[in-house]
Amino acid sequence: MPLWLVAVETRTKFSNSNISLLTNRGFASSSSPSNVKHLKQIHAKLIRNGGILDILTAGKLIADIAVSNPSNLDYAKSVLTRLGYPPNTFMWNSMIRGYAHSPIPREAIFFYHQMLEKGFSPNNYTYPFVLKACTQLMDLNLGLGIHGTIIKRGFEDCDVFIQTSLVSFYASCGSIAIARQLFDRSPERDVTSWNALIKGYVRSNRHMDAISVFRAMQDRRDVQADEITLLGVVLACTQLGALEMGSWVHAYIDKNCVKVGTSLGTALVDMYARCGSIDVAMALFKGIPERDVRTWSVMISGLAINGLASEALDLFLEMQRDGIDPDSVTFTSVLSSCSHAGMVEEGLQILGKMGNFYKVEPTIEHYGCVVDLLGRAGRLDEALGLIRRIPLKPDVVLWGALLVACRAHKNVEMGEMVAKEMLKLDPYHCGAHVFLSNVYASTGRWAQVEQVRSSMKEQGIRKPPGSSLIELGGDVHEFLAGDRSHPQTSEIYMMWDEISRLLSLEGHVRSTNGVLFDIDEEEKEQALSQHSEKLAVAFGLINTRQGAAIRIVKNLRVCDDCHSAMKLISKIFDRLIIIRDRCRFHHFKDGSCSCSDYW
DNA sequence: ATAGGGTTAG
C-alpha cells in the first residue's frame with residue numbers, strides 16, 4: 001500500500017504545532033543517528049495525522065531531511081517519490097541543494113534535468129544550487145550551459161544571488177576574466193558579490209588584484225567590508241608574504257571595528273607567522289578567546305617554519321591540555337616542526353602514536369614529513385625502509401622527499417633509483433628528470449645526459465618560472481628570473497654587478513649544482529646572475545636605508561648559489577635578509593642562515 | 001519555506 005494511502009487512512013486534522021518540530025538544520029549539524037531518528041519520528045507522525053498531504057509541510061520535511069546530512073539524501077529521495085502527488089519546485093530545489101553540498105554533486109545536476117524534463121519550472125532559487133554543484137564539480141562546460149539557460153529564462157540580470165553564484169563559479173573554474181566581466185556588468189552588487197570576486201582572485205593566485213578590488217571597494221559608499229571580505233584580503237597578504245600590507249589590513253580591521261572571530265583571528269595569526277613576524281603572531285594568538293584546532297595548527301606550524309621547533313612542540317602539548325584534539329593537519333605541522341629542527345626521535349615517536357593514541361591515521365603527507373626528517377638526518381636507508389613499509393602506495397611527493405635527501409647527501413645510487421620510481425608514477429616530473437641528468441653528467445655518462453635532456457625538450461618539460469616578491473612602501477614588486485621589465489632595471493643590474501664584484505672579493509665561488517636543475521649547460525652562467533631573488537635583493541639594497549631588513553618571498557626553493565650568495569651579502573652589507581621559501585624561512589645574518597644549510 | 005561569499009598543511 002502506498003504511503004500516502006496509509007496517511008489518508010489515519011488522517012487526522014493536521015495542527016500547526018507540528019511545524020515547530022521541523023526546525024532548520026544547517027550542514028554543520030552532526031550526522032548523529034538521533035538526528036535521522038528525530039526526522040523519522042516527524043515523518044511518521046505526519047503520515048499518521050495526514051500532514052504529509054499538505055504540500056507545504058511535506059516540502060519542509062523533504063528540505064529538512066535533504067539538508068540535514070548528505071547521508072540522508074536517499075531518504076529524502078524516497079519521501080519525494082512516495083508522496084503520491086507531484087512534487088513542487090521547492091522540493092526539487094531542496095533535493096538539488098542537498099546534492100550540491102554532498103560528495104556527489106553530479107546528482108544535483110541529474111535532479112535539475114529531471115525537473116526540467118518533467119515540465120517543472122526552475123525559479124530564482126534553483127540556480128544558485130545548480131551553480132554550486134557546477135562549482136563543486138569544477139565543470140566549466142556544464143556551467144556554461146547552465147549560464148545559457150539562465151540567460152534564456154531571463155534570470156541573469158535581475159537576481160544578485162544568481163550573479164554572485166556565477167562570479168564564484170567562473171572564478172573557481174579558472175575563468176577569472178569572465179567572473180570579472182560579470183561582476184562589472186551586474187546592475188546590483190552587495191558585499192557578498194565583492195567577496196566572491198576577491199576570493200576569486202585569491203583562488204586564481206592573483207593576490208595583487210584581490211587587494212586592488214578591496215581598495216576599490218573602500219571607495220564606495222554603498223558597501224562595507226565585513227569579516228569574510230577581510231578573510232580573503234588577509235589570505236592574499238599571507239600568500240604574498242606582504243607584511244606591510246598585512247599590518248595595514250590589520251589596522252583597517254581594528255579601525256573599522258570589523259568583528260574578529262576565530263576564523264579571521266586564525267587567518268591573521270597565519271599571516272603574521274608566514275610573513276616572518278612570529279612575535280606578533282604569538283601575541284595575537286594569545287588574545288584569541290576561542291581557539292579551535294585550526295588556530296592551534298597555524299600557530300604550531302608558524303613557530304616551526306620560523307625555526308622555533310621546540311616551542312612548536314611545547315604548544316602541541318599545551319593544545320592537548322587545553323582539550324583540543326589534534327587533527328591530520330596538526331600532525332603535518334608537528335612532524336614538519338621536528339623535521340625543521342632535526343628532532344628525529346621525537347618525530348618517529350609522534351608518528352608511532354598517531355593511529356593508536358591519537359586516533360588519527362597517518363596519511364601519505366605524514367609519512368612524507370618523516371621521510372624528510374630521516375633524510376635530513378642522513379638516515380637514507382631508514383627513510384627508504386619506511387617508504388617500503390607503509391600501508392599506502394607511495395606517491396611522487398613521497399619519493400620526492402627522499403630524492404631531495406639523496407641530493408643533499410650525495411647518494412647517487414639511491415637517488416637514481418628514486419628518480420626512476422618517480423618517473424614511473426609521473427613521466428613528466430621535472431625534478432626527477434633533472435636529477436637523472438645531473439647524475440649522468442657527474443659520472444660522465446654523456447649519451448644518457450643527452451637522452452634525458454632531449455626527451456625533456458620533446459615533452460616540453462620545464463621548471464615553473466621562479467619569482468620573487470619584495471614589498472616597498474605599500475607596493476609589491478615582483479621579479480622573474482632574468483626580468484628586465486622593472487622601471488629601475490638598469491640600476492638593479494648595476495647594483496648586481498657591484499654585489500658580484502664584492503662577492504668574488506670575499507672568495508665566493510659560484511656553485512652550479514642547483515642550476516643544473518634548471519636549464520641547459522650553455523645558459524647556466526647567464527641565468528646564475530639573474531635568479532629572481534638576486535634581482536629582488538639588489539632592488540632592496542638600492543631602495544631601503546642602511547640596516548633595514550630585506551624581506552623576500554620566493555615561490556620555489558632557493559638554489560645553492562643564491563643561498564650561499566645571500567649568506568655573504570648579509571655579512572658584506574650588514575643586513576638581515578629574510579627569504580620565505582616555498583616551504584620555510586631563511587633568516588640570513590652575519591654570513592649564516594637559520595636553516596643550517598639544509599632545505 | 002529555499003539562495004550567493006569562508007579560515008589550517010602539502
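Note that this is a predicted model, so its numbers are computed, not measured.
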Tell me what A:Val160 touches on the nucleic acid: a base, only sugar-phosphate, or nothing, going by heavy atoms under 4.0 Å.
base
A:Phe285/A:Trp296 aromatic ring centres below 6.0 Å
yes
Go through the N and O atoms of the side chain of A:Thr332 and the base of B:dG10, and report whether any donor-acceptor pair is under 3.5 Å.
no
How long is the line joining CZ of A:Arg203 and C1' of B:dT7, in whole Å?
13 Å
Rounded to whole Å, CZ of A:Arg274 lies from C1' of B:dT7 at a distance of 11 Å
Among B:dG5, B:dA3, B:dT8, which nucleotide has an atom closest to any side-chain atom of A:Val191?
B:dG5
Can you check whether any acceptor in the base of B:dG4 is under 3.5 Å from a donor in the side chain of A:Thr164, or vice versa?
yes
Rounded distance (Å) that lies between atom P of B:dG5 and atom CD of A:Gln136:
9 Å
Minimum-distance nucleotide (side-chain atoms of A:Asn123 versus B:dG5, B:dT2, B:dA9)
B:dT2
Any base atoms under 4.0 Å from A:Asn93, or only sugar-phosphate, or nothing? Heavy atoms, all strands.
base
Mind checking if A:Ser168 touches a base, just sugar-phosphate, or nothing, with heavy atoms under 4.0 Å?
sugar-phosphate
Taking the six-membered ring for Trp, are A:Phe214 and A:Tyr252 parallel (under 30°), tilted (30 to 60°) or perpendicular (over 60°)?
perpendicular
Of the listed nucleotides B:dT8, B:dG4, B:dA1, the one nearest the side chain of A:Ser193
B:dG4
Across the strands shown, which category fits A:Asp395 at heavy-atom distances under 4.0 angstrom: base, sugar-phosphate, nothing?
nothing
Send over the distance from A:Asp159 CG to B:dG5 P, rounded to a whole Å.
13 Å
Nearest-neighbour nucleotide for the A:Leu231 side chain, B:dA1, B:dG5, B:dT7 considered
B:dT7
Separation of B:dT2 atom C1' from A:Leu56 atom CG, nearest Å, is 12 Å
Do A:His147 and A:Phe169 make the cut of ring centroids closer than 6.0 angstrom?
no
What nucleic acid atoms does A:Ser328 come within less than 4.0 Å of, heavy atoms only: base, sugar-phosphate, or nothing?
nothing
Between the base of B:dG6 and the side chain of A:Asn195, is there any donor-acceptor pair under 3.5 Å?
no
A:Val298 side-chain proximity, nearest of B:dG5, B:dT8, B:dA3
B:dT8
Separation of B:dA9 atom P from A:Asn306 atom CG, nearest Å, is 13 Å
Remember a base hit wins even if backbone is also touched, and classify A:Leu264 as base, sugar-phosphate or nothing at under 4.0 Å, heavy atoms.
nothing
Once you apply a heavy-atom cut-off of 4.0 Å, does A:Ser94 come out as touching a base, just sugar-phosphate, or nothing?
nothing
Say whether A:Arg180 and A:Tyr201, considering side chains only, have a donor N or O and an acceptor N or O under 3.5 Å apart.
yes
Identify which nucleotide among B:dG4, B:dT2, B:dT7 has an atom closest to any side-chain atom of A:Tyr125, counting heavy atoms from C-beta outward.
B:dT2
Considering the options A:Phe129, A:Phe120, A:Tyr99, which one meets the ring-ring contact (aromatic ring centres under 6.0 Å, His included) requirement together with A:Phe111?
A:Tyr99
For A:Phe331 together with A:Phe316, are the ring centres under 6.0 Å from each other?
yes
Roughly, in whole Å, what's the span from NE2 in A:His101 to P in B:dG5?
7 Å
Sugar-phosphate, base or nothing in reach of A:Asn124, heavy atoms under 4.0 Å
base
Out of B:dT2, B:dG5, B:dG10, which has the shortest distance to the side chain of A:Ile228?
B:dG5
Which nucleotide sits closest to the side chain of A:Phe161: B:dT2, B:dG5, B:dA3?
B:dA3
Candidate nucleotides B:dG4, B:dT8, B:dA1, ranked by approach to the side chain of A:Pro128 - the nearest:
B:dG4
